[in-house]
Amino acid sequence: MIRTIIVDDEELSLLVLKKKLSVFPDVKIVRSYTSHENILRDLKTESIDAIFLDIEMKDINGIELAQEILTSYPSTQIVFVSGHTNYAVNAFELDSIDYLLKPVTAKRLEKTIIRLQNRSKSQQGASVNKNKPSLEIYCFGALQVYFNEEPLRFRTAKTKELFAFLTANMGKYVHRDIIIEKLWPEHDYKNAKTYLHTCLSHLRKTFSGLGISNPISFLNQNYCMLLDSVFFDAEEFNKLAKDILNSKALDFKTIESAIEIYKGPFLEINAYEWVYEYSETYQETLLHILTAAFRETKHKDLNKAVYCLKIYQKVDPYSEFAVLNLIQTYAEMGWRSEALRTYQCYKKLLEEEMSLSPAPQIKDFYSKLLS
């Protein structure tokens with residue numbers, strides 16, 4: 001049983017989350033709060049496993065409150081709930097177990113509960129194979145690393161960035177000078193090389209403490225991250241993408257799995273200067289998947305076709321391909337008002353963001369809808 005409390009200064013948001021959590025039989029909501037005043041006092045007498053914590057509150061920032069709680073109760077799991085993504089970096093630096101965006105969906109909440117259940121089992125020492133490390137690396141959206149369900153802490157921010165860079169090139173040897181150029185472009189070569197060796201030392205010590213030996217191989221001035229028993233979301237995404245794009249008959253469940261893994265642009269929240277080329281590659285792959293899925297479903301299942309196009313438009317809001325096909329598909333389904341609304345939103349976006357107007361073929365189809 002996961003004993004939890006909910007903190008949100010908006011009564012309606014608190015009640016909605018409370019209702020959604022009540023569906024899970026393994027979750028017991030001990031208390032809910034619209035103010036932080038009595039939380040630390042109550043934690044002294046209540047055994048609490050997890051806290052669902054809003055960030056933007058009137059009387060206190062949720063990040064600050066989490067810091068206070070973790071100082072006295074470090075084993076408490078924090079799940080941040082927010083209407084914005086701009087606090088995600090701070091949240092992950094506190095090793096929060098999850099970061100939920102409002103409105104929280106039941107499907108997304110289920111994943112959080114599963115993670116809390118796994119963490120609870122790990123803390124209780126239940127059936128963890130000590131000889132076979134379980135490492136999970138998530139890079140879509142923000143870098144998150146877990147070892148046996150526990151967040152992995154990095155000694156410095158630059159050590160974490162080096163880990164991210166080596167992970168982005170998992171299994172590939174990268175020359176030392178390229179690493180220095182990407183991570184320490186503003187420093188002279190001698191100092192940058194010292195910083196690199198220091199961060200490598202930190203990484204090796206971290207992994208050694210986990211029982212993982214030789215995770216970073218060195219050959220001819222090149223470094224390579226080599227990890228066994230690891231789940232790496234980008235690697236899994238690439239495997240699914242390969243299966244999808246090389247298959248003659250598309251499996252929609254496989255497509256949904258790839259879409260589910262892609263939480264957002266690669267390391268977007270970490271905002272490393274070198275990450276753009278990697279982010280672009282993964283985004284282009286996702287768009288290829290969505291294009292193939294749309295072409296497969298547009299003559300079979302229009303609802304699935306719309307699903308693919310809406311995700312495409314979310315990833316690339318300026319796409320003429322996505323908006324034209326979405327308008328046409330809505331029209332084919334008889335959803336004229338939705339087709340018109342889609343055009344108007346797209347037109348407004350182009351005007352406000354780029355001072356442009358829709359392409360002629362999009363305008364022409366819109367005119368046909370009006371006539």
Side-chain angles (χ1 to χ4, degrees), residues 2-22 24 27-40 42-43 46 48-120 123 136 138-146 149-154 157 160 233 263-265 267-271:
I2 300 170
R3 293 171 57 82
T4 185
I5 61 174
I6 309 172
V7 186
D8 196 315
D9 64 344
E10 294 181 4
E11 187 73 34
L12 180 59
S13 295
L14 191 147
L15 291 173
V16 169
L17 183 56
K18 192 173 183 179
K19 183 177 179 181
K20 289 183 177 180
L21 282 171
S22 66
F24 299 93
V27 176
K28 178 178 175 58
I29 303 171
V30 178
R31 280 194 176 94
S32 56
Y33 301 83
T34 55
S35 171
H36 76 289
E37 290 178 0
N38 299 320
I39 295 174
L40 291 172
D42 292 348
L43 286 174
E46 293 284 359
I48 300 300
D49 302 306
I51 300 175
F52 286 80
L53 180 58
D54 187 24
I55 293 180
E56 290 189 334
M57 295 185 286
K58 294 183 180 113
D59 55 348
I60 193 171
N61 182 283
I63 299 289
E64 296 172 5
L65 179 56
Q67 290 172 332
E68 286 187 40
I69 292 170
L70 292 173
T71 299
S72 301
Y73 308 96
S75 63
T76 306
Q77 304 306 321
I78 303 293
V79 179
F80 285 107
V81 186
S82 176
H84 309 281
T85 60
N86 51 317
Y87 294 101
V89 172
N90 304 91
F92 289 125
E93 285 177 352
L94 282 176
D95 288 328
S96 60
I97 196 167
D98 215 339
Y99 189 98
L100 300 177
L101 284 174
K102 297 178 182 179
V104 180
T105 64
K107 185 176 180 181
R108 182 65 181 85
L109 188 57
E110 182 180 12
K111 292 187 175 182
T112 302
I113 301 305
I114 291 172
R115 179 164 286 174
L116 284 168
Q117 289 170 332
N118 291 336
R119 181 71 59 81
S120 178
Q123 288 179 338
E136 299 172 83
Y138 299 91
C139 287
F140 287 117
L143 177 63
Q144 299 177 71
V145 188
Y146 299 91
E149 300 296 331
E150 291 290 332
L152 189 62
R153 301 175 186 275
F154 295 91
K160 184 176 183 178
D233 62 348
K263 305 294 185 187
L267 297 175
E268 176 188 31
I269 292 175
N270 300 91

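In this chain, residues are counted from 1 in sequence order.
When all heavy atoms of Ile269 and Ala88 are compared, the pair lying nearest together is CD1-CB, 3.5 Å. In this structure, Asp59 and Ser35 approach most closely via the heavy-atom pair OD2-OG, 3.1 Å. Nearest heavy atom pair, residue Tyr99 against residue Asn86, reads OH-N, 4.3 Å. Nearest approach of Ile51 to Leu43, heavy atoms of both residues: CD1-CD1, 4.5 Å. When all heavy atoms are compared, the tightest approach of Leu21 to Val27 is O-CB, 4.2 Å. Here the closest heavy-atom approach between residue Val7 and residue Met57 is recorded as CG1-SD, 3.8 Å.
Between Leu116 and Asp49 the shortest side-chain heavy-atom distance does not fall below 4.5 Å. Contact check for Asp8 versus Leu17: no side-chain heavy atoms found under the 4.5 Å cut-off. Under the 4.5 Å side-chain criterion, counting only non-hydrogen atoms from C-beta, Phe52 is not in contact with Val104. With contacts defined as side-chain heavy-atom distances shorter than 4.5 Å, the pair Gln144/Glu136 does not qualify.
Checked by atom type and distance alone, the side chain of Thr4 pairs as donor or acceptor with a backbone atom of Ala50 at under 3.5 Å. Side-chain atoms of Asn270 come within 3.5 Å of backbone atoms of Leu143 as a donor-acceptor pair (strictly under, hydrogens ignored).
Remark: Glu10 CD to Asp54 CG distance equals 6.5 Å, nearest 0.5 Å. Annotation: the span from Glu68 atom CD to His36 atom NE2 amounts to 6.5 Å, rounded to 0.5 Å. The CD atom of Glu110 sits 10.0 Å away from atom OG1 of Thr112, with the distance rounded to the nearest 0.5 Å. A distance of 8.5 Å separates CD in Gln117 from CZ in Phe24, rounded to the nearest 0.5 Å. In this structure, Ile113 CD1 and Asn118 CG are separated by 11.5 Å, a value rounded to the nearest 0.5 Å. Distance check, rounded to the nearest 0.5 Å: NZ of Lys58 to OG1 of Thr34 gives 9.0 Å.
Using a 4.0 Å cut-off between a side-chain N of Lys or Arg and a carboxylate O of Asp or Glu, Asp98 and Arg108 qualify as a salt bridge.
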Are Ile63 and Phe80 close enough, and set up right, to give a side-chain contact (heavy atoms from CB on, under 4.5 Å), and what steps lead you there?
-> CA-CA 9 Å; Ile63 299 289; Phe80 285 107; 3.8 Å; yes
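Taking the six-membered ring for Trp and thresholds of 30 and 60 degrees, Tyr138 and Tyr146 have ring planes more than 60 degrees apart, a perpendicular arrangement.
The environment of Lys28 atom NZ is sparse: at most 12 non-hydrogen atoms of other residues, nucleotides or ligands sit within 6.0 angstrom.
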